[in-house]
Number of protein chains: 2
Amino acid sequence: MNKKKTTIKDIANVLNISAAAVSKALHDDSRISAKTKAAVKRVAKELNYQPNHLASALRSGKSKLVGVIVPRTSSNFFSSVIQNIEEVLNKEGYNIIITQSNESFKKECNNIDTLLFTQVDGIIASMANETVDLSFYEKIKSKGIPLILFDRGENDLNVDYIGINDYDSSFMIVEHLISKGCKRIAHIGGFRHTRIFNNRIRGYVDAIRKYDLPHEDDLLVESSLTLEDGRLKMQELLALDNPPDAVYIAGDYAALGALQLLKEKNINVPNDICLIGFGNEPFTSLVTPTITSIHQHSEQIGQLAAQTFLERVKMDDLKQTLNKIILDAELIERDSSKKSKRY
Amino acid sequence: MNKKKTTIKDIANVLNISAAAVSKALHDDSRISAKTKAAVKRVAKELNYQPNHLASALRSGKSKLVGVIVPRTSSNFFSSVIQNIEEVLNKEGYNIIITQSNESFKKECNNIDTLLFTQVDGIIASMANETVDLSFYEKIKSKGIPLILFDRGENDLNVDYIGINDYDSSFMIVEHLISKGCKRIAHIGGFRHTRIFNNRIRGYVDAIRKYDLPHEDDLLVESSLTLEDGRLKMQELLALDNPPDAVYIAGDYAALGALQLLKEKNINVPNDICLIGFGNEPFTSLVTPTITSIHQHSEQIGQLAAQTFLERVKMDDLKQTLNKIILDAELIERDSSKKSKRY
DNA sequence: TATTTTTGCTTAAACGTTTAAGCAAATATA
DNA sequence: TATATTTGCTTAAACGTTTAAGCAAAAATA
């Protein structure tokens with residue numbers, strides 16, 4: 001049981017060279033002879049040498065850790081983004097620390113403190129729904145480490161951002177519904193103070209206007225987009241004097257809640273009311289009817305977030321031209337908007 | 001822009017005392033006067049001092065990081081366990097690093113190396129389906145840091161384990177189906193080499209025997225328990241000369257696949273065939289019909305795993321009495337086993 | 001051959017903490 | 001009053017690396 005870990009000094013002793021030489025040999029420094037390098041690597045392997053990450057991080061000032069903050073890991077979108085971030089960063093020798101905010105501003109602040117305390121080299125984050133106060137994010141910036149936001153996070157912080165074109169996606173959804181013959185299209189949106197949700201609302205409104213459909217105030221409601229709130233807001237829409245014949249909901253979970261309610265009320269989806277979600281969570285293809293939704297290219301978002309981070313750390317501090325990457329999303333048509341009759 | 005971080009030396013300089021005194025003051029050492037402590041803490045706050053975690057970890061040999069390995073974070077079970085681990089450990093000043101194996105043995109080995117490289121103080125893991133070779137887990141043990149397994153991981157490694165009583169759960173499921181009047185009960189189980197799945201199979205077989213039901217080889221199949229394989233194995237069962245009137249499936253995703261197939265074939269669930277899953281994933285209550293399943297108390301599992309870790313680090317190396325905690329699971333009855341007619 | 005450059009290492013300091021050892025002053029005990 | 005104990009600090013080493021500076025020997029150049 002080899003509890004005492006082997007260090008570069010142990011290797012140095014075996015070969016009768018200095019620890020510095022060993023360190024350099026392991027990093028393929030050009031000033032070390034091929035012969036010495038080979039010997040060092042051989043002995044390192046023999047002694048099962050594992051570099052002490054803490055020591056090198058302390059000395060070099062780089063922890064080779066990247067913090068990731070997401071509202072939750074259980075959603076497929078976020079776990080897919082995380083997986084792709086991880087793949088890209090691992091190749092470059094970085095490891096990631098994942099934290100969840102559970103949509104709580106307070107937890108998010110804690111997470112940021114935790115990550116800074118852990119001396120991460122950068123943070124990739126998607127903000128909690130609650131988050132309005134950005135002072136903790138300013139704190140990250142003031143530490144001088146890269147901050148990359150994705151999905152929830154477009155704002156005035158002046159940092160890199162990767163997301164999808166929410167405005168166009170909304171527009172596309174409304175046009176899709178119109179092509180199915182829908183005449184009164186409602187929108188259960190997220191909170192306006194979050195820019196992505198605001199953009200979805202703008203896209204919805206502009207499309208409605210362009211095609212001269214009714215854009216009554218009652219047809220546009222804001223929601224926390226949880227499953228429960230989806231039910232609730234759907235109920236409100238049904239209670240209207242003139243209920244909609246289509247509902248576009250800015251989140252799949254809320255769309256699911258709405259769908260459950262409609263089924264309970266024996267309202268046929270899509271023939272009575274068409275339903276469209278957002279996010280393309282796996283369950284959208286599992287429920288009955290399957291739910292039309294928007295695929296957000298989580299793989300690309302993750303990869304791009306990681307690549308943006310890597311660019312940032314490689315870059316000299318000056319000449320920081322901001323990355324703002326907006327991807328086109330994809331409409332996945334499923335049963336909940338496949339109306340049989342067309343008008 | 002205060003890029004230079006303040007260290008204990010800076011605090012020491014302000015107060016004209018030694019860095020050591022500052023360190024001790026911050027740790028409430030009894031040999032430091034109350035007056036000095038107060039002064040140190042005041043200055044620390046003024047200078048916005050953030051302890052350098054790497055330095056203290058290097059010196060003390062404790063990183064205050066715990067590695068967590070799960071097959072994936074997207075399943076509700078694992079993300080709930082993680083969340084509870086995090087809550088318990090955060091209170092004790094530990095942070096967690098989450099890694100996913102994606103059910104791949106190779107990725108799992110990489111994760112272990114990564115975590116050891118990051119100098120974690122312990123590892124809490126649930127093994128990938130593929131994992132049979134335990135040498136990487138032996139590696140953790142040989143490093144002398146605590147290893148706690150949960151859910152997937154009961155085995156002969158001789159480490160702490162937290163899980164549910166799979167045998168009893170299976171038994172309970174079969175009895176439940178019998179009480180509904182089912183006479184030919186099939187089981188789509190996981191791979192036998194994973195102990196939890198083997199236990200579920202044993203529970204199923206013993207219950208079938210106890211109640212003198214048919215226990216033909218054809219009624220018991222092994223599966224990877226993915227959604228797709230669930231469909232496939234269900235298809236095989238339907239193709240039997242004498243198909244079952246109930247199917248108990250050792251994983252919810254596979255149960256969902258089976259359900260989809262049954263619906264496509266216009267076989268009524270539960271009246272033609274009863275269906276029961278395992279894991280109580282959220283979608284089990286969202287699909288039509290809702291799926292009866294087993295709730296595994298992910299909250300408790302997470303908490304207990306974390307607590308077990310804390311006990312281990314506090315404990316002197318000797319006198320290690322092994323923790324093997326087996327929780328009772330809970331049957332959540334839903335529509336997929338609510339047969340209207342009883343025989 | 002004399003000088004410069006390159007090669008291949010070594011020495012020593014540094015990263016920011018923690019902690020064992022030590023010591024003077026203050027306080028308690030005999 | 002003399003001795004022992006406690007208090008409140010300091011000094012210095014250590015954790016395992018990295019890296020700037022330096023230096024002798026070998027190789028290249030003049």
Side-chain angles (χ1 to χ4, degrees), chain A residues 2-41 43-44 47-65 93 116-121 143-144, chain B residues 2-41 43-44 47-65 93 116-121 143-144:
Chain A
N2 197 14
K3 290 247 175 136
K4 229 39 260 100
K5 288 159 193 161
T6 60
T7 70
I8 52 171
K9 272 190 187 167
D10 299 326
I11 301 175
N13 285 340
V14 170
L15 295 170
N16 257 320
I17 57 176
S18 71
V22 173
S23 172
K24 286 178 182 165
L26 291 171
H27 288 86
D28 272 326
D29 189 295
S30 62
R31 298 287 285 275
I32 300 293
S33 70
K35 203 204 251 177
T36 306
K37 280 181 190 172
V40 165
K41 284 172 186 174
V43 175
L47 299 184
N48 187 30
Y49 167 72
Q50 302 278 121
N52 184 317
H53 171 255
L54 296 172
S56 73
L58 175 61
R59 177 57 229 248
S60 65
K62 302 283 151 210
S63 69
K64 286 283 182 177
L65 288 173
L116 293 178
F117 176 77
T118 319
Q119 314 279 121
V120 292
D121 288 348
K143 290 269 172 190
Chain B
N2 198 12
K3 290 246 174 135
K4 236 14 287 93
K5 289 159 192 162
T6 60
T7 70
I8 50 171
K9 271 189 188 167
D10 300 325
I11 301 175
N13 285 340
V14 170
L15 296 169
N16 258 320
I17 57 175
S18 70
V22 173
S23 172
K24 286 178 182 166
L26 291 171
H27 288 86
D28 272 326
D29 189 294
S30 62
R31 299 288 285 276
I32 300 292
S33 70
K35 202 204 253 177
T36 306
K37 280 181 191 171
V40 165
K41 285 172 187 173
V43 175
L47 299 184
N48 188 28
Y49 169 71
Q50 301 279 122
N52 184 316
H53 172 254
L54 296 171
S56 74
L58 175 61
R59 177 57 230 248
S60 66
K62 302 284 153 210
S63 69
K64 286 284 183 175
L65 288 173
L116 293 178
F117 176 76
T118 318
Q119 313 280 119
V120 292
D121 288 347
K143 290 270 173 190

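Everything numeric in this text was worked out from a predicted model, so none of it was measured. In what follows, chains carry the letters A, B, and so on, assigned in the order in which the sequence lines appear, proteins first and then strands, with residues in each chain numbered from 1.
- Summarising the geometry, the separation between CZ on A:R59 and C1' on C:dA14 is reported as 5 Å, rounded to the nearest angstrom.
- For A:S60, no side-chain nitrogen or oxygen approaches OP1 or OP2 of C:dC15 to under 4.0 Å.
- Less than 4.0 Å separates DNA chain C from at least one heavy atom of each of the following residues of residues 8-19 of chain B: B:I8.
- A:V40 places a side-chain heavy atom less than 4.5 Å from the side chain of A:I17.
- Side-chain atoms of B:R31 and B:K24, non-hydrogen and from C-beta on, never get closer than 4.5 Å to each other.
- Contact check for A:I8 versus A:Y49: side-chain heavy atoms found under the 4.5 Å cut-off.
- Looking at which nucleotide of DNA chain D each of B:A20 and A:L58 is closest to, the 5′-most match is held by B:A20.
- Rounded to an integer number of Å, the gap from NZ of B:K5 to P of C:dT17 is 11 Å.
- More than 12 heavy atoms of other residues, nucleotides or ligands lie within 6.0 Å of NZ in A:K41, so this atom counts as buried by the packing criterion.
- The minimum heavy-atom distance between B:S63 and B:A57, with the atom names listed, is CA-CB, 3.7 Å.
- The CD1 atom of B:I32 sits 13 Å away from the C1' atom of C:dT18 (whole-angstrom rounding).
- Axis angle, first five pairs versus last five pairs of the helix from C:dT1-D:dA30 to C:dA30-D:dT1: 40°, rounded to 10°.
- Proximity of a side-chain donor or acceptor of A:K143 to a complementary backbone N or O of B:K5 within less than 3.5 Å is not detected.
- For the pair B:L26 CG and D:dC9 P, the interatomic distance rounds to 13 Å; values are reported in whole Å.
- Remark: side-chain polar atoms of A:N13 are not paired, donor with acceptor, to backbone N or O of A:D10 under 3.5 angstrom.
- Listed for the B:T7 side chain is a donor-acceptor partner under 3.5 Å among the backbone atoms of B:K9.
- Atom CG in A:D29 sits roughly 11 Å away from atom P in C:dG8 (whole-Å rounding).
- Following rounding to the nearest Å, B:L54 (CG) and C:dC15 (C1') show an atom-to-atom distance of 10 Å.
- The distance between atom NZ of A:K35 and atom P of C:dC9, rounded to the nearest whole Å, is 9 Å.
- Remark: B:S23 is in phosphate contact with C:dT18, judged by side-chain N or O atoms under 4.0 Å from OP1 or OP2.
- Shown here for A:A12 and A:A19, the closest heavy-atom pair between the two residues is CB-N, 3.7 Å.
- Nucleic acid contact for B:H53: none, since no nucleic acid atom lies under 4.0 Å from a heavy atom of the residue.
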Does the protein touch nucleotides 21-27 of chain D at the base, only the backbone, or not at all? Give it as B, S and - per nucleotide, heavy atoms under 4.0 Å. B------

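- A:L65 is not listed as a side-chain neighbour of A:Q119, based on a closest heavy-atom distance of 4.5 Å or more.
- Residues B:L58 and A:N52 are in side-chain contact: their nearest non-hydrogen atoms beyond the backbone lie under 4.5 Å apart.
- If you check C:dC15, C:dT18, C:dC9 against the side chain of B:H27, the one that comes closest is C:dT18.
- For B:T36, a side-chain nitrogen or oxygen approaches OP1 or OP2 of D:dC9 to under 4.0 Å.
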